[in-house]
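Encoded as structure tokens, the structure appears first; notes follow it.
Throughout, protein chains are lettered first and strands after them, A, B, ... in sequence-line order, and every chain is numbered starting at 1. Owing to the predicted nature of the structure, the values given are computational and were not obtained by experimental measurement.
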Number of protein chains: 2
Amino acid sequence: MPTIKDVADRAGVSVGTASRVLSGSSSTSPDSRERVTAAAAELNYVANGPARSLRRARTDVLGLLVSDIRNPFFAELAHAAEREAMRRGYTILLANANEDEHQADEYLSIFAAQRVDGLLFSPQGPVSPKLASLVSSGFPMVLLNRTAPGLDIPLYATDNAQGVRLVLDWLRDRGHRDVAFVGGPAAMSTGAERQAAYLAGRADHGITENDAFLDVGNFLADGGEAAMIRILDRGVIPTAVFGVNGPTTMGMVRGLHHRLGSAAAAKIAVVSFDDLDWFEFATPPITALRHDAASIGRLGVQGLLNLIEGLPATSARVPLTLVDRS
Amino acid sequence: MPTIKDVADRAGVSVGTASRVLSGSSSTSPDSRERVTAAAAELNYVANGPARSLRRARTDVLGLLVSDIRNPFFAELAHAAEREAMRRGYTILLANANEDEHQADEYLSIFAAQRVDGLLFSPQGPVSPKLASLVSSGFPMVLLNRTAPGLDIPLYATDNAQGVRLVLDWLRDRGHRDVAFVGGPAAMSTGAERQAAYLAGRADHGITENDAFLDVGNFLADGGEAAMIRILDRGVIPTAVFGVNGPTTMGMVRGLHHRLGSAAAAKIAVVSFDDLDWFEFATPPITALRHDAASIGRLGVQGLLNLIEGLPATSARVPLTLVDRS
DNA sequence: CTGTTAGCGCATTCAA
DNA sequence: TTGAATGCGCTAACAG
């Protein structure tokens, strides 16, 4: 692999000049510029990133730690973040914590070792010591979609309360009183916020305040299914079910089918946080809150780059829309 | 940020000894080992990756370039690859080419600049000059799921011919003669292989050889929808439709709904390459080939690590299973 | 087993 | 505008 010295030799200039031309920083003569560019092209020169990073004490890489890349919400978010980062000259190092705090910590170490310039992070639950020390060291960092107690850094997230209000209105307008709700782990802010908003709004919207209709999952399909089955096994039959996120809702639908059979399941209205692209084909079609994952990803990158450049960054809530398929 | 020199000073040893302890290479006395470890912990020392990479001329990073991270197949594959890589001490740098050859080339440059130790790659179509030069330079590289003409490197992919045979048998057993098929861009090996196998097997399986039932999409939902609509607009009505991948099938279902209405669409059997997790809830439920994305990801990493270590790596085809929901 | 030292490839400072 | 020289943090070679 050719080095900058090879390029300089071939162009008949010093490495200093070659470096100046290749990184386009300070002024160079048109002549040497042309010769260096030509030499680099002929040699197929690609600058050595690690060497460059070592010298400049920055990598132009941003870390993005999502909790589950298989969740379409994060896939979409990651894709948008990546596009925005690339537009601004940064590369994104994407890691998948798989909803596992231990893995998240492991990736935090990897990011630290790689000396990423900043971090976009979707916390798994309580703040780990590693995360706390990273934050308190002033490392540039923003939160995506979830927060955690004691983390005073910019957050780019869905407007959960507004979304839940849309769902509550929808339920009331259709006369649903017996509504099953499956939330997420209390340790995750998304789950907590959505659950709190739902519980607070139930009475006002004519929904039975019977906690037999409530349970919690793990934000994954299997947890939603298990929770749904626990609810049904308490002997209650809802007229509508509401899942705290896409995978949870999918699990709930599975639970309904397995416990009640397809015919009975088809009579129960389903509404979900997160719109998955197959919801329109379900029986009955599933009404859902669609959140703008792409906007969150873009805003997150913009906020983080502000932080890196020493500018202020302010949190933002992105509104949801209800896709009514009833 | 503390450097190895800080650790050495605090432990009262030389940087050489500190390095040996921290990278666990050659033998060190229990005494210095303990003191260095303690000092590193107290200082919150994290080795500088770029410096380490520069010196060792390797990064312990593998590049993974997928064609669309929002496709659940690749999300699953990426996740499995990442797990396997981590198990072997490597980090994966994940990039999303978004089915765009230009973006793919851009990422190839980024990978080259970052000096990744090897590359897992899912080609977009024809081989770009940049890719060709990378391959001919002997850079460690394996192909995932797709190949391209003239690329003589290990391939880890679905056994397309075997999968299509399963579908053809299924169609014949149910007496379908008028089957609509939407393929993918001819430039992509997956599409080409599947389409070739389908066309070759039609006659033997009692399927009408009327090309009005054939069209091509772009592996995405919108392309599948457009292709389905073109087929219907030719005045033919299939009794079954077969999509070349998950998003294409989804688009086809959309096209059926929009053109024929839900009632008529519900009478048409649907079978798909790729099993998406909502297919069981569609009306009618969609029969699908399930491929083992996780195995492909794991095998890819294993093959690539073999290559990196100078061992031989051999291509492998991973069999599919048909999930019959009829 | 340990300390000293060279050098990985690059950007940047200082003189010229 | 340019060349020479320095050092980023680390590992490995060498000598002890």
Side-chain angles (χ1 to χ4, degrees), chain A residues 1-40 43-61 89 91 109-117, chain B residues 1-40 43-61 89 91 109-117:
Chain A
M1 211 137 217
T3 73
I4 200 170
K5 184 165 183 313
D6 299 322
V7 175
D9 287 351
R10 181 173 250 265
V13 300
S14 72
V15 290
T17 300
S19 169
R20 282 182 281 260
V21 169
L22 291 169
S23 47
S25 53
S26 55
S27 46
T28 50
S29 74
D31 178 52
S32 51
R33 204 174 317 150
E34 189 180 332
R35 296 168 61 191
V36 168
T37 312
L43 292 173
N44 252 309
Y45 172 74
V46 182
N48 184 310
R52 179 175 243 256
S53 298
L54 174 59
R55 175 63 231 234
R56 302 203 311 155
R58 52 176 290 188
T59 53
D60 294 335
V61 173
T91 303
S109 299
I110 290 176
F111 284 148
Q114 298 279 348
R115 297 297 196 265
V116 297
D117 293 339
Chain B
M1 209 139 218
T3 72
I4 200 169
K5 183 163 184 317
D6 299 322
V7 175
D9 288 351
R10 181 173 250 264
V13 299
S14 71
V15 289
T17 299
S19 171
R20 281 183 284 260
V21 170
L22 292 169
S23 45
S25 53
S26 50
S27 44
T28 50
S29 75
D31 178 51
S32 51
R33 202 174 319 151
E34 189 179 333
R35 297 167 61 191
V36 170
T37 313
L43 292 174
N44 251 308
Y45 172 74
V46 181
N48 183 312
R52 180 175 240 257
S53 296
L54 174 59
R55 175 61 230 230
R56 303 203 312 155
R58 51 176 293 188
T59 53
D60 295 335
V61 173
T91 303
S109 299
I110 290 175
F111 284 149
Q114 298 279 349
R115 298 295 195 266
V116 298
D117 293 339

For the CG atom of A:Asp6 and the CG atom of A:Leu43, what is their distance to the nearest 0.5 Å? 6.5 Å
So if I define the base as every atom that isn't primed, P, OP1 or OP2, how would nucleotides 8-16 of chain C read as a B/S/- string at a heavy-atom cutoff under 4.0 Å? BBBBBB---
May I have the list of side-chain donor-acceptor pairs in residues 16-24 of chain B shorter than 3.5 Å, sequence neighbours left out?
residue: B:Thr17; atom: OG1; partner: B:Ser14; partner atom: OG; Å: 3.4
residue: B:Ser23; atom: OG; partner: B:Ser19; partner atom: O; Å: 2.6

By the 4.0 Å heavy-atom rule, please label A:Ser53 as base, sugar-phosphate, or nothing. nothing
Per the side-chain hydrogen bond (donor to acceptor under 3.5 Å, both in side chains) rule, what does the pair list look like for residues 43-55 of chain B, sequence neighbours excluded? none
Test salt bridge (Lys or Arg N to Asp or Glu O under 4.0 Å) applied to [X] - qualifying residues, sequence neighbours left out:
| X | answer |
| --- | --- |
| B:Asp9 | B:Lys5 |
| B:Arg33 | none |
| B:Asp60 | B:Arg56, B:Arg58 |

Smallest separation among heavy atoms of A:Leu54 and B:Leu54, with atom names: CD2-CD2, 3.5 Å
Can you name the closest pair of heavy atoms from A:Thr59 and B:Pro50 and give their distance? CG2-CG, 4.3 Å
Taking only residues two or more places apart in sequence or in another chain, which ones pass side-chain contact (heavy atoms from CB on, under 4.5 Å) with B:Val46? A:Ala112, A:Ala113, A:Arg115
Going 5' to 3' along DNA chain D, between which two nucleotides do contacts with chain A fall, using a heavy-atom cut-off of 4.0 Å? D:dT1 to D:dG9
Need the bend value for the helix from C:dC1-D:dG16 to C:dA16-D:dT1: angle between end axes, 5 pairs each end, nearest 10°. 40°
Got a sec, which residues hit side chain to side chain donor-acceptor pair (under 3.5 Å) with B:Ser32, two or more places apart in sequence or on another chain? B:Ser29
